[in-house]
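Lettering of chains follows the sequences in order, A, B, ..., and the numbering in each one begins at 1.
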Amino acid sequence: MAKADEMMDICLLAGEIMLTYGAETYRVEETLERMAKAANLKNVHSFVTTTGIFISFEENGHGDVMQMIRVDDRYHDLNKVALVNQVSREFVIGEITSEEAHDKLKDIYRTPLNYPIWLIHFASGIAGGGFSYLFGGGIKDTLPAFIAGVTASVFLIEVEKYLKVKFFAEFIAAFVGGTVAIALVFLGIGTNLNQIIIGTLMPLVPGVPLTNAVRDLMSGDLVAGVSRGAEATITSLSIATGIALSITLFL
Amino acid sequence: MILELIFCFLATVSFAIIFSVPRNSLILGGLIGVLSFAIFRILPEYGMTAIFATSVASITAATLSHFFARRFRIPATAFTIPGIIPLVPGSRAYFTMLAFVEGDYLLGLELGIETMLQAGAIAAGIVFALAIFSFGKGIGHRYETNR
């Protein structure tokens, strides 16, 4: 029974990391099935939705094992998905044993973000400035968009850290970003207000849920696809509400 | 135009950092984004609609992403997201919201439909590329012909 138990732990850990950090549903299902089959387990079935993982398999002569876990958090960290993918590939072709795979997965689970948090704030600013230019602003508009983008990103991460409500953090970030943009234009830094606000909001766009929703729907995971699409829609609506509020109040 | 492409590269790479993609896909993801943005900007000058240009750009970006994902053994999402981000109709979505805030519902609906169409074109591109790379493996069937 020991082997089945160990494989169950490995599979659930791998699946939890992948699902939490933004992998598509079909990728999680495929990875779990491949790893379990590589460990000579029979009758492997996995069912993954956006918020939970079910997996069952049979060890020869010991009967079936079945477990599920609930996944509450959904972060954006595609690097961890790539790392888990690598571990599962090495395990399937037999380069590492199950103990080594388990240790590596635990390491991945503990590693911090791939990029320091200040770099993410900075990148939000650069993305804000760049997109304000691409959407028709002038060179002078990139600076206020940069400042507003950094502010929105800082508020997004800090508010989320203290309040732990994602949708409210997005709402606040959009509101503060819009307010900063309006204030900067009012002070005479930058001229095209609309383009600055668009640039500020672009880093808040829910890119990972949106692409994953399309992928999941296409590959037949209808439940996961629809629920991810709903999540992305709620995020977009909270951003739109935040910016609408700041425009209504201050313009 | 050159300046736009440089800004596009910077913005795309920043987006890749925001979604924390693996380091070795940063630059490549940025280049895919620049390419899709260039297609998206150049095609309308030859008389094509913005929606069509978006879908062509999105197909290109998604196909390249899948190709590089195979090559470097990284999940395709890490390339797809930077690749399609310059196509996202952020500007139209914003003006839709603005029209609704100002009570101009007709304009809002018009812009909203354009936003939806452009988002749909991006999705169609991703689906198309996924379909190309799933030939033979199969995803979804209508008739059970091999029985």
Side-chain angles (χ1 to χ4, degrees), chain A residues 18 21-24 26-27 75-83 85-86 89 113-115 119-120 122-131 133-136 139 142 149 153 194-195 197-199 201-203 205 207-208 210-215 217-220 236 240-241 243-244 247-248, chain B residues 3-26 37 41 62 69 72-86 88 90-98 100-102 119 122-128 130-131 134 139-141:
Chain A
M18 291 182 96
Y21 292 100
E24 309 96 315
Y26 89 95
R27 187 185 300 283
Y75 304 115
H76 291 169
D77 192 348
L78 296 173
N79 185 46
K80 287 196 175 182
V81 178
L83 289 175
N85 230 17
Q86 185 64 30
R89 191 175 294 113
L113 266 174
N114 195 17
Y115 302 100
L119 187 60
I120 290 183
F122 185 72
S124 299
I126 297 278
F131 276 112
Y133 185 75
L134 291 185
F135 283 126
I139 287 283
T142 54
S153 173
N194 291 336
Q195 275 71 22
I197 292 182
I198 297 165
L201 295 187
M202 279 303 275
V205 167
V208 173
L210 273 179
T211 18
N212 283 351
V214 177
R215 294 291 303 265
L217 281 176
M218 181 64 187
S219 50
S236 321
T241 316
I243 202 73
I247 288 177
T248 326
Chain B
L3 196 60
E4 273 187 10
L5 290 184
I6 294 171
F7 268 106
C8 180
F9 180 76
L10 286 177
T12 321
V13 171
S14 315
F15 242 96
I17 293 176
I18 293 174
F19 291 120
S20 184
V21 305
R23 272 159 216 246
N24 49 356
S25 73
L26 268 184
F37 181 73
R41 281 307 300 274
F72 292 93
R73 301 187 175 282
I74 290 171
T77 325
F79 293 110
T80 317
I81 290 178
I84 60 166
I85 225 58
V88 169
S91 163
R92 283 210 181 85
Y94 171 76
F95 284 114
T96 306
M97 191 273 306
L98 203 62
F100 278 118
V101 167
E102 285 165 356
I122 298 175
I126 299 175
V127 165
F128 194 77
L130 181 67
S134 312
I139 33 169
H141 302 276

Quick check on the interface: out of B/Gly90, B/Ala16, B/Ala93, who has the most heavy-atom pairs with chain A under 4.5 Å?
B/Gly90
Applying a strict 4.5 Å limit to non-hydrogen atoms, the region of A/Ser124 in contact with chain B is both
Closest heavy-atom pair, A/Ala244 versus B/Met97, reported as atoms and distance to 0.1 Å, is CB-SD, 3.6 Å
What is the distance from atom CD1 of B/Ile18 to atom CG of A/Leu78, rounded to the nearest 0.5 Å?
12.0 Å
For B/Leu26, is it the side chain, the backbone, both, or neither that has a heavy atom closer than 4.5 Å to a heavy atom of chain A?
side chain
What are the two closest heavy atoms between A/His76 and B/Phe19, and how far apart are they?
ND1-CE2, 3.2 Å
Under 4.5 Å from a heavy atom of chain B, the part of A/Thr142 involved
side chain
Measuring from A/Phe131:CZ to B/Leu10:CG, what's the distance to the nearest 0.5 Å?
11.0 Å
Distance, nearest 0.5 Å, that separates CD1 of B/Ile84 from OG1 of A/Thr211:
5.5 Å
Please flag which part of B/Tyr94 lies under 4.5 Å from any non-hydrogen atom of chain A: side chain, backbone, both or neither.
side chain
About how many Å separate OG of B/Ser20 and OH of A/Tyr75, when rounded to the nearest 0.5 Å?
13.5 Å
Nearest-0.5 Å distance that lies between atom CD1 in A/Ile198 and atom OG in B/Ser91
4.0 Å
Quick check on A/Ile139 against chain B: is it the side chain, the backbone, both or neither that has a heavy atom closer than 4.5 Å?
side chain
Which atoms of B/Leu98 are under 4.5 Å from chain A, going by heavy atoms: the side chain, the backbone, both sets, or neither?
side chain
Quick one: what part of B/Phe9 sits under 4.5 Å from any heavy atom of chain A, side chain, backbone, both or neither?
neither
Which of the residues B/Ile122, B/Thr96, B/Ile126, B/Thr77 is involved in the greatest number of heavy-atom pairs with chain A at under 4.5 angstrom?
B/Thr77
Taking the side chain as C-beta and beyond, is there a heavy-atom pair between B/Arg23 and A/Asn114 under 4.5 Å?
yes
Ignoring hydrogens and angles, tell me if any N or O in the side chain of A/Tyr133 forms a donor-acceptor pair with the backbone of B/Cys8 under 3.5 Å.
no
With a sphere of 6.0 Å drawn around CZ of B/Phe128, does it hold more than 12 non-hydrogen atoms of other residues, nucleotides or ligands?
no
Note: vs chain A, highest number of non-hydrogen pairs under 4.5 angstrom among B/Val101, B/Thr80, B/Val13, B/Val21 is B/Val21
Criterion side-chain contact (heavy atoms from CB on, under 4.5 Å) on B/Arg73 and A/Asn85, from CA distance to verdict:
CA-CA 8 Å; B/Arg73 301 187 175 282; A/Asn85 230 17; over 6 Å; no
Under 4.5 Å from any heavy atom of chain B, what part of A/Asp77 do you find: side chain, backbone, both or neither?
both
Taking A/Arg215 for the side chain and B/Leu130 for the main chain, is one N or O donor matched with an acceptor at less than 3.5 Å?
no
What part of A/Ile247 gets within 4.5 angstrom of chain B, counting heavy atoms only: side chain, backbone, both, or neither?
side chain
Which bit of B/Ala62 is near chain A, if near means a heavy-atom gap under 4.5 Å: side chain, backbone, both or neither?
neither
Which heavy-atom pair separates A/Phe135 from B/Val88 by the least distance, and what is that distance?
CZ-O, 3.7 Å
Flag the one option from A/Ala127, A/Gly136, A/Gly125, A/Gly22 with the top tally of heavy-atom pairs under 4.5 Å to chain B.
A/Ala127
Return the option, out of A/Gln195, A/Gln86, A/Arg27, with the maximum number of heavy-atom pairs under 4.5 Å with chain B.
A/Arg27
Indicate the atoms forming the closest heavy-atom contact of A/Val81 with B/Pro75, along with that distance.
CG1-CG, 3.8 Å
Enter the distance from A/Ile126:CD1 to B/Thr12:OG1 here, rounded to the nearest 0.5 Å.
12.0 Å
Is it the side chain or the backbone of A/Ile197 that comes within 4.5 Å of chain B heavy atoms, both, or neither?
side chain
Which of B/Ala11, B/Ser25, B/Pro86, B/Pro22 touches chain A most, by non-hydrogen pairs under 4.5 Å
B/Pro22
Side chain / backbone / both / neither for B/Phe95 at chain A, heavy atoms under 4.5 Å:
side chain
